[in-house]
There are 2 protein chains.
Amino acid sequence: MALAIARKQRRAGVREAAREEILQAAWKLARDKGPAALTLRDLAKAVDLRAPSLYSYFPSKHAIYDAMFAEGNRRIWQYVRQQPAEPDARQQIKVWMRAFVRFCCNDPALYQLLFQRSIPGFEPSRQSMELANQALEWGRAALVDAGVHDPAASDMLTAITSGLISQQTANNPGGDRWIRLCDDAVRMFFDHFDRRQGGSKHDPDD
Amino acid sequence: MALAIARKQRRAGVREAAREEILQAAWKLARDKGPAALTLRDLAKAVDLRAPSLYSYFPSKHAIYDAMFAEGNRRIWQYVRQQPAEPDARQQIKVWMRAFVRFCCNDPALYQLLFQRSIPGFEPSRQSMELANQALEWGRAALVDAGVHDPAASDMLTAITSGLISQQTANNPGGDRWIRLCDDAVRMFFDHFDRRQGGSKHDPDD
DNA sequence: GTCTATATTTGGATAGAC
DNA sequence: GTCTATCCAAATATAGAC
């Protein structure tokens, strides 16, 4: 019995590895031509299969997008969270935002798929969406930690962040014309909400 | 001779009117399903023609997108410029930005086509692009008028603007969760660049 | 200028042999 | 699980009659 189970698990592991390989190839194609231009034929060719064989691993093309969405979320938030810890809450946010912006600008395909809903007809599944929501919630909590209590503040910060990224990728791809405004933008943001709250907190520069 | 020319012009006018009607129908479809989902069949049906007949008016689908791009630019900037004139340069910018954001949020399809490059393979022609560039230049000049000389400022302002719009349309379509942050964002922006320049100018509230 | 008919291409997805 | 063969649908674009 134990042996049979072990064999099953090994098989499951192999299958999982194959799915993973397909996903990585899908990301590579998405980066080359945009996530919307992904086709099953191209994807199959990239992993040395025929298109119908992909259906052994994913039930549909949308399921592939959904898996990409989930995997992309895991990847970006892992990257952000592994940034060095900062004693100061605002400095921490600055570091996180810098990492987030950099990551997205280096991988516009990921930004489009995860945050711009650029695939016609694709909606992430509940499960996958939850990953994204957790991250947002975590960001809101960080702001409260940093002494910003205005509920509109987190909306303002997500707007600034997405604005920097979309301008950067649309109008200066590969450059840093908007990326380099990132720190300044965070300063601007904190100064503003400090003034509105009356009580100004620190925000020491790097 | 004069008569022949007049006839030619009348004909040209009819043709122009038909092109205009096609364009309006194209915008209607783009608003319904997104600009990327526009098809010649649907478009033809909307103006009571068969698909091939559209080629009498536009040489290709991309030409239709290009005409939409140009027409959309004319439309949005006309709307912005027809806003009430304000004696104060900053108040003027606030009014313009409010109008711009409102216009884009009411017509996300326009925003996508003009500013998000969401159509795979479509690049606006030189001619059409010039319209867009003039508008940007005009915005930069307005900032100088308002006493903001930092060249990075206009990039920051476009980032804030596009961030508000994209968050609004992506995460709260039909609502005003980000739209209502618009005035506050402009204040934040001016305060920030005032401080950096040392010399603080006015910015009276409405 | 408009039509019918059609070429051409390109996708996603399925059937069934192996 | 993988393949070949195929289906089916959708889309741009062209040819040629009227």
Side-chain angles (χ1 to χ4, degrees), chain A residues 7-23 25-26 28-30 32-69 109 113 118-125, chain B residues 7-23 25-26 28-30 32-69 109 113 118-125:
Chain A
R7 202 173 312 147
K8 221 176 207 172
Q9 284 178 338
R10 191 165 55 244
R11 284 235 202 137
V14 169
R15 190 185 152 79
E16 196 42 50
R19 276 178 56 105
E20 192 54 37
E21 191 190 337
I22 292 169
L23 273 189
K28 185 167 161 49
L29 290 174
D32 278 3
K33 312 203 154 192
L38 180 70
T39 73
L40 295 186
R41 282 163 164 69
D42 288 349
L43 178 53
K45 191 180 301 179
V47 293
D48 215 41
L49 283 178
R50 304 290 173 235
S53 303
L54 294 175
Y55 286 85
S56 300
Y57 298 98
F58 297 94
S60 71
K61 191 188 182 186
H62 271 26
I64 295 178
Y65 279 132
D66 197 59
M68 291 171 75
F69 182 92
L113 183 64
S118 68
I119 315 297
F122 166 63
E123 289 279 329
S125 65
Chain B
R7 204 173 311 148
K8 220 175 205 171
Q9 283 178 340
R10 191 163 56 243
R11 286 233 202 138
V14 169
R15 191 184 151 77
E16 196 41 51
R19 275 177 57 106
E20 192 54 37
E21 191 189 337
I22 292 169
L23 273 190
K28 185 166 161 48
L29 290 174
D32 279 3
K33 312 204 155 191
L38 179 69
T39 74
L40 296 185
R41 283 163 170 30
D42 290 349
L43 178 53
K45 191 180 300 179
V47 294
D48 214 41
L49 283 177
R50 304 291 174 240
S53 304
L54 294 175
Y55 286 85
S56 300
Y57 298 99
F58 297 94
S60 72
K61 190 187 183 186
H62 271 26
I64 295 178
Y65 278 132
D66 195 59
M68 290 171 75
F69 182 92
L113 182 64
S118 68
I119 315 297
F122 166 64
E123 288 278 332
S125 65

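Convention: sequence-line order gives letters A, B, ...; per-chain numbering from 1. All values derive from a computational prediction rather than experimental measurement.
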For this session: Look only at the side chain of B:Lys61 and the backbone of B:Leu38, and say whether a donor-acceptor pair between them is shorter than 3.5 Å.
Result: yes
For this session: Check whether any side-chain N or O of B:Arg19 sits under 3.5 Å from a backbone N or O of B:Tyr57 as a donor-acceptor pair, and report yes or no.
Result: yes
For this session: Can you tell me the distance, in whole Å, between the NZ atom of A:Lys33 and the C1' atom of C:dT10?
Result: 13 Å
For [X] and [Y], work out which heavy atoms get closest and say how close.
X        : Y        : result
A:Ala109 : A:Pro35  : O-CG, 3.8 Å
B:Leu40  : B:Leu54  : O-CD1, 3.5 Å
B:Asp66  : B:Pro124 : OD1-CA, 3.4 Å
A:Ala25  : A:Val47  : CB-CG1, 3.6 Å

Seminar exercise, completed: Judged by nearest nucleotide, the residue sitting upstream toward the 5' end of DNA chain C, B:Tyr57 or A:Tyr55, is B:Tyr57
For this session: May I ask you to test the B:Phe58-B:Leu23 pair for a side-chain heavy-atom distance under 4.5 Å?
Result: yes
For this session: Return the orientation label for the A:Phe122 and A:Tyr65 ring planes: parallel under 30°, perpendicular over 60°, tilted otherwise.
Result: tilted
Exercise. Hey, can you pull the residues of residues 35-52 of chain A with a non-hydrogen atom under 4.0 angstrom from DNA chain D?
Worked result: A:Leu49, A:Arg50, A:Pro52
Exercise. First and last nucleotide of DNA chain D in contact with chain A, 5' to 3', at under 4.0 Å to a heavy atom: what are they?
Worked result: D:dG1 to D:dA5
